[in-house]
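Written below as C-alpha cells is the structure these notes are about.
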Protein chains: 4
Amino acid sequence: MGGSTFGTILRLTVFGESRGNEIGAVLDGLESGFPIDSAAMNTMLRRRRPSQSSASTSRIESDEFEITSGVLDGKTTGAPICIVIPNRDCNSDNAADTLMRFARPGHADLPYHLRYCNCDHRGGGRASGRLTAAIVAAGSIAIQILSSKGIEINCQVTSVGGIRGNENNQDDRNAWESLVQMYRSKGETVGGTVSCRATGIPAGIGEPLFDKLDAVISHAVMSIPAIKGIEFGSGFGCEFNSGSTNDGPLMSGGVLGGLSDGTELSFRAAVKPVPTTDVPVEATDLGNMMKRTMTFNERHDWCICFRICPVVEAMTALSILDLWYQQHGR
Amino acid sequence: MGGSTFGTILRLTVFGESRGNEIGAVLDGLESGFPIDSAAMNTMLRRRRPSQSSASTSRIESDEFEITSGVLDGKTTGAPICIVIPNRDCNSDNAADTLMRFARPGHADLPYHLRYCNCDHRGGGRASGRLTAAIVAAGSIAIQILSSKGIEINCQVTSVGGIRGNENNQDDRNAWESLVQMYRSKGETVGGTVSCRATGIPAGIGEPLFDKLDAVISHAVMSIPAIKGIEFGSGFGCEFNSGSTNDGPLMSGGVLGGLSDGTELSFRAAVKPVPTTDVPVEATDLGNMMKRTMTFNERHDWCICFRICPVVEAMTALSILDLWYQQHGR
Amino acid sequence: MGGSTFGTILRLTVFGESRGNEIGAVLDGLESGFPIDSAAMNTMLRRRRPSQSSASTSRIESDEFEITSGVLDGKTTGAPICIVIPNRDCNSDNAADTLMRFARPGHADLPYHLRYCNCDHRGGGRASGRLTAAIVAAGSIAIQILSSKGIEINCQVTSVGGIRGNENNQDDRNAWESLVQMYRSKGETVGGTVSCRATGIPAGIGEPLFDKLDAVISHAVMSIPAIKGIEFGSGFGCEFNSGSTNDGPLMSGGVLGGLSDGTELSFRAAVKPVPTTDVPVEATDLGNMMKRTMTFNERHDWCICFRICPVVEAMTALSILDLWYQQHGR
Amino acid sequence: MGGSTFGTILRLTVFGESRGNEIGAVLDGLESGFPIDSAAMNTMLRRRRPSQSSASTSRIESDEFEITSGVLDGKTTGAPICIVIPNRDCNSDNAADTLMRFARPGHADLPYHLRYCNCDHRGGGRASGRLTAAIVAAGSIAIQILSSKGIEINCQVTSVGGIRGNENNQDDRNAWESLVQMYRSKGETVGGTVSCRATGIPAGIGEPLFDKLDAVISHAVMSIPAIKGIEFGSGFGCEFNSGSTNDGPLMSGGVLGGLSDGTELSFRAAVKPVPTTDVPVEATDLGNMMKRTMTFNERHDWCICFRICPVVEAMTALSILDLWYQQHGR
C-alpha cells in the first residue's frame, strides 16, 4: 500500500491539494452494472460540507462533483471510476503568505516541511481535511453497493467537549451548539467523539491475523485527519468487566477473532479539536526555525465532529466492501 | 495485503496453528549485513511467555526458536528470514474434543466455523494468541535494527481492572497481582491498558493520506488478539481540551498529519479480559446450533496485559521500520 | 496490485476511457523537490501521437496535458501527481453504434462483454491504446528522475513485418514505410518488434525471487496493449548457444539472478498487427451471439511499432524507478 | 509486492537457501475445505527432481515435503499452508569454499555480492533453482483447485538446442537425449524452449490495464531462474501475419485485451543453458575484483528444460487462481 491508495481488491486513490484547482478520487475494482445514485452522493457530500451552523468554517465548498470515467448509462462499467471535485474559493485566504513562512503548532506544517522541503501546506495542503470530500464521494458508492447487500452504515456524534448525547436528539444538539458557541467566543475550537454502527454484515467478513475487520477499519478511520483514537465494542471500558461478562455481542463490537460475528458492528472514534484557532500560538519561522508568538488569520471550523461523520462512514464502507470482495468476489 | 502478511517493503508472514507441531514467521525485505542478537530475541520471547505469576496460564511454552534461513555467520543476508518455533505441550488439553464440538461465546469459534467449516479452533487455532510468539521473534529483529538507528520502543502496563499505575512500580505490580488473584478466585479474567512509547524517531516518517504513521500502527496493533482500542497522544481525552491547549507534543502523541513530528511517539491500547474463564457460559453446539450452558476445562491466562507488551512492541517496530524503509531505503 | 494500479513504492494509477472526456494518471510515491520538465513530457507524448506517416490513424490526439496536483513552482512536492489529458475528437467515429452491437475478432470486445455486461468498448474502451497516453506522460517523469541518476532508456523499432533494421537508419525507415503502404493498400495492418535498452543502471537493482528486474519489466511491458512477447538478452535465441558461450553480458540482457548486473539492460518485445483492419471479418452479434461477416468502418493505425516505443520506455522506467526506490529510498 | 511474496489474494511466500537445512513455502488465501492430494504433489515434485537421465545433476534431491499448517483431516482450513522441504546432501559440494571466493560469469554471484555483501551464493544461494521445489509443491495445490474448476495446465518441452519436437514423442526425446550427451561430452550445457497450455479457463479472467492475465503470467514465469523470454499465441511470429490473419484463437494465445477469451491459453518460454559448465571460465575474485580463468568443480544439470516444466505449470496455476479469486472470490 502506498500513501495515497487504500485497499487490496477495491482500491481508492486520492489526489489533489486544498489549494489546487481540483481534487479527486479514483475508485478501482468495483463490480460492473451497479446503478450509481448521484443524488445520494450529493446528500452525503452535503453532510460533510461546511454548514450554516456556528461550528463550521465560512469557507465555501460547493463540492459539485463530476464522474469522468467508469460509468456508462448511469451504471458502473467495472473500469476505475474517476470523480473530480473542483476547489472553489481556494486562493482567497488572507493568511496564505504567512502560512508558507510559518509552521503552526499542532499542524503537520513542520514535519511536512522537514520531509518534503518543497511542499504547499497552505490550507493544510496534502494533509488537509479538504481531501476528505473526495473520500466521501467515493465512499458513497461503496455505501450504495453495501446497501444493496443489506449492509447499512451510520455514524453519529456521541459527545462534544465531554458532553455526551445523541446526535438525533434535539436537546443534545442544542447543548452542543451552545458549547461550541462558548468555545468560539474565546476563539477556541472543541473536539468530541463519534460512534459508527454497521448492521447486516454476515458472520465471517475479515481476514484472520493481520487484516482483521477491526484492524483494517482502524487503519482506515485513523487515517482521517483529526481522528486520534478508535475503540470497538467495550473498548477502553473492557477493563471494568470480567471475562465472562465481557463476552456479549455489545462488548465484541461485532468482531471476534478479526471476523464479523453476525451482530452489529460498532466502534467509537475520538475527534480532536482542530488546531487552527484565533488564539495566539507559538509558531516556527521556517526560515530560521525560531519560535514566534503570532495569530493566524485563517478561516476554520470550530468543531468538526458533525462534518467528520460521513468521512468515517466512507472509510468504513470502503474497508468492509474490500474485505467482502476478497472473500466473495465482485 | 493478504490476511497473513503485513507490510509493504518489510513484510512479515506468519504461519502455523496453536495445535500444530510448529509455528513460524518469514520476515522479508530486511537490509543485509545486520548482526542478529539471538539473546535479545530470547529475552523478548521470555517476556511474552507464560510466567510463574498468577496471571499466566499453566501451559508450557518454551519458545525455543530456530532461524532456518536468511542469516549467515550471525548476520542478515538480505534473504527472507524464516523463524520456526516448535509447539510443545500442544495436544494435551483435556478440553480438545469438547472444543471441536462447541463454540464458546466471546471467542472466534463461531465466525470461523461459519466461514471455514473445516477449521481447527482448538486452543484458538488460527486466531490463537500462540501465533504472537512468531510475531515477537520477528519483531525483535526489527527492534534491533531500529535501535541501531537510535529508535527505542517500550511498552508497559498502565492499568489492570481499572487500577492505574506504572509497571515499573513495585507497589502497583503488587496491587495488580492482588486484583488478578481476586478475579482468579472467582474463575474470572481481567483486562487493562498498555502504553507504548518510541523515542528517537526523526520527523517525517509515515506516508500522508492513508499510510499515516498512526494509521499503520493502529492497523498493526489492532490486529493483535485481545486489543479492542488504540489512542494516540491525548486520544479520547482530547475533547476535554480546547484547540490551543491540545497542540502540545504530549497531545500529538508524536504524530502530526500522519508524519512523525520528532517528539516521542506515544499511544495507549485497550486489552480485553480473555474470554476463556472457569465460569459456566452459553456455548453453541456446532452440530445443531443450540445454546447450552457449560464449563470449559481449558488452561488459560487470568490477565494478559503483561504478556501482550512485547507483542505491541513487535508490531509497532515492524510498522515503523517498514515506513522508514519506504522513505529511506534499506 | 489491482487492475489499474502498478508498482509497490512508486505507484501509477490510470483512469479514463477512450470515449470519455478525459483520461489521466495519478503517480504516487515520488521524491519531492524534483523539477519537472514539461517540454520533455510533450516531446515524449508527441512520439506516441498519431503522425503524418502512413502508419498512423487519422484520429486526432492532441494530448495537451495538465498537471492538477503534486507540483509547486515547477517541482514535485512529494504529493501524488495527477495528470489529466482531454480526449478530443472522441465521439465522432462513424462505427460507434455498430461497435456497441458487435464484437470484433482479435479484440477484447467479447471477453469484456461477457465479464462486464455494461461496458463501453467503443474505440477499445478500457482496453484501448488511448490510455497509453496517460502512461507516457507519467513515465516521462520517471524517465527524467532516472536520467538525473545517470540512467537513460531508449526504445527503437527493430523490425516491421519481418524486415529487420534499425529505426535510426533512414534506408530501413523507408523500407518499412513501403511495407506498411503495401499492407495498407490491402486494408491490412502489420506488426513488428521493438528493442529497448537502458544504460547506467548500477548492479543490484531488482528483488530476488519474484520481483526480479526482468520479471517486473515483463509484467509492465506485457501489460501494454498489442505486446505479445518479451525476451531479455539472448532470449529465445539462447538455445543456440552452449552454457559457456551464453554467459557474456550481451546474453544476460543486463540481468543475472533477477538483479541488474551493471551492464546495459536490453530486451526485445513483439508488437502484433492491430486487429482493426478494413478487411471483412467474422464478428459476433452481442444480441444473439451469432457470427456475421462484416466490415468495420473505424479509423485505425496500420502499424503501431513506432508509436509504441515511448510506451515501452515509460513502463520500463516506472519499473526501474520503483525497484530503485525499494532498495535506496526516495 | 515484496521480493519473496507473489500474488494479491492468493499469496505465495518462499523462504530458504540452497545450502540451508530446509526450504519452504507459505501459501495464504486459499479456500477452506479443499481436499489436498499429497500423492499429486509428490508426482509433480518428482518431475522437477534430478532424474537418471543424462540431462540432470547428480545432486540428490529427495524432496520429501511436510505440510506443517493449514490442513486438517486432509483438507485445507483456510489458514496459510506451510510446506517444508528438507535439503539433503546440501553441504557436500567440493566447490563450496571456492564458490564463496569467486564470482562465476553468467551467475548472480557478482550482483548479489555487490548488493548484499554478506550473502551465501554457494549452490546459487537465494537465486538457486533449488527454491523452485517449494514453488512446485505450493503450485501443485493451486493446480488441484483449478482442476476442480475444470482448468487443466500442461507444460512440455518443445525444443532443445534448436531441435524442435514434442516431449510426448519418443523419437524427439531420443534426439534431445543424444544432443544433451554431445554437449555433455564437451562439458557444456544446452537450453531450449517449453510450451505451456491451459484449457477450461472461462472468458473474462484477468484484470484490465496492468494485471492482465498475460502480464501477470509473464511476471510469474519470468521470475523462474533460467527463463529469458515469454511469448503468447503468435508471439514473436506475429509480425509475419497481417492484422486480419492474426486474429484467430491460436494467435491470441487465449488472451484478448488482458482477459481470457475462452479459448486455450498458450505461451512459450525460453530456457537458457545453465551457466554452470565444466569449461574454464573467467571468474572474478571477490577479494580483489581481478579476473581469473578457472574451472568450477560443481555438480550441475546439463539441460533443465525437462525439470523446469512443472515449475512453469506451478507459477501459471498460482497466477490464474489468484486472478480467479480476485474476480469470483474464494
Side-chain angles (χ1 to χ4, degrees), chain A residues 1 3-4 6 8 14 105-108 111-112 114-115 126-127 159 161-162 183 188-193 203-204 207-212 214-215 218-219 222-223 228-236 238-244 246-247 256-257 259 261 270 272-275 277 279 281, chain B residues 1 3-4 6 8 14 105-108 111-112 114-115 126-127 159 161-162 183 188-193 203-204 207-212 214-215 218-219 222-223 228-236 238-244 246-247 256-257 259 261 270 272-275 277 279 281:
Chain A
M1 231 178 274
S4 303
F6 185 81
T8 298
V14 168
H107 286 78
Y112 271 72
L114 291 172
R115 170 157 169 186
R126 190 181 185 183
S159 68
Y183 275 88
E188 279 285 13
T189 60
V190 64
T193 58
E207 297 294 307
L209 227 44
F210 297 123
D211 287 348
K212 292 182 161 81
D214 42 353
S218 295
H219 188 153
M222 290 294 290
S223 78
K228 295 300 284 183
I230 188 167
E231 58 177 4
F232 283 77
S234 55
F236 280 96
C238 68
E239 64 178 319
F240 300 102
N241 305 319
S242 64
S244 71
N246 193 62
D247 65 10
L256 286 173
L259 270 58
D261 63 7
K272 76 172 181 181
V274 290
T277 67
V279 169
V281 288
Chain B
M1 231 177 274
S4 303
F6 185 80
T8 299
V14 167
H107 286 77
Y112 271 72
L114 291 173
R115 170 158 171 186
R126 190 180 184 183
S159 68
Y183 275 88
E188 280 285 14
T189 59
V190 63
T193 57
E207 296 295 306
L209 228 42
F210 297 122
D211 286 349
K212 291 181 161 81
D214 41 355
S218 294
H219 188 153
M222 290 293 291
S223 78
K228 294 300 283 181
I230 188 166
E231 58 178 4
F232 283 77
S234 54
F236 280 95
C238 68
E239 63 178 318
F240 301 102
N241 304 321
S242 64
S244 71
N246 194 62
D247 66 9
L256 286 174
L259 271 57
D261 64 7
K272 76 172 181 180
V274 290
T277 67
V279 170
V281 288

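Here is how names work: the chains are called A, B, and so on, in the same order as the sequence lines, proteins then strands, and each is numbered from 1.
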- prompt: Do the charged groups of E239(A) and K228(B) touch, with an N to O distance under 4.0 Å?
  reply: no
task: Could you tell me which portion of S234(B) (side chain, backbone, both or neither) has an atom closer than 4.5 angstrom to a non-hydrogen atom of chain A?
output: neither
- prompt: Out of curiosity, D214(A) CG to H219(B) NE2, how far, rounded to the nearest 0.5 Å?
  reply: 9.5 Å
task: For the pair F6(B) and F210(A), name the ring-plane relationship: parallel under 30°, tilted 30 to 60°, perpendicular over 60°.
output: tilted
- prompt: Of the listed residues (L114(B), T193(B), V190(B), V274(B)), which shares the most heavy-atom pairs with chain A below a 4.5 Å separation?
  reply: T193(B)
message: So which atom in E207(A) and which in G3(B) form the shortest heavy-atom distance, rounded to 0.1 Å?
response: CB-CA, 3.6 Å
query: Do you know which of G106(B), G204(B), A203(B), P273(B) has the most heavy-atom pairs with chain A at a distance under 4.5 angstrom?
result: P273(B)
- request: Give a yes or no on whether the ring-centroid distance for Y112(B) and H107(B) is below 6.0 angstrom.
  value: no
- line: Heaviest contributor of heavy-atom pairs below 4.5 Å to chain B, chosen from G191(A), C238(A), S223(A), is S223(A)
Per-residue contact mode, Y183(B) against chain A (heavy atom under 4.5 angstrom): side chain
Max heavy-atom pair count under 4.5 Å with chain A, selected residue of G233(B), P275(B), G229(B), S242(B): S242(B)
Qualifying residues under salt bridge (charged side-chain N to carboxylate O under 4.0 Å, His left out), relative to E231(A), sequence neighbours excluded: R268(A)
- request: Flag the one option from V279(B), N246(B), T277(B), I230(B) with the top tally of heavy-atom pairs under 4.5 Å to chain A.
  value: I230(B)
message: As an exercise: rank S218(A), S244(A), G161(A), G235(A) by heavy-atom pairs under 4.5 Å with chain B and give me the winner.
response: S244(A)
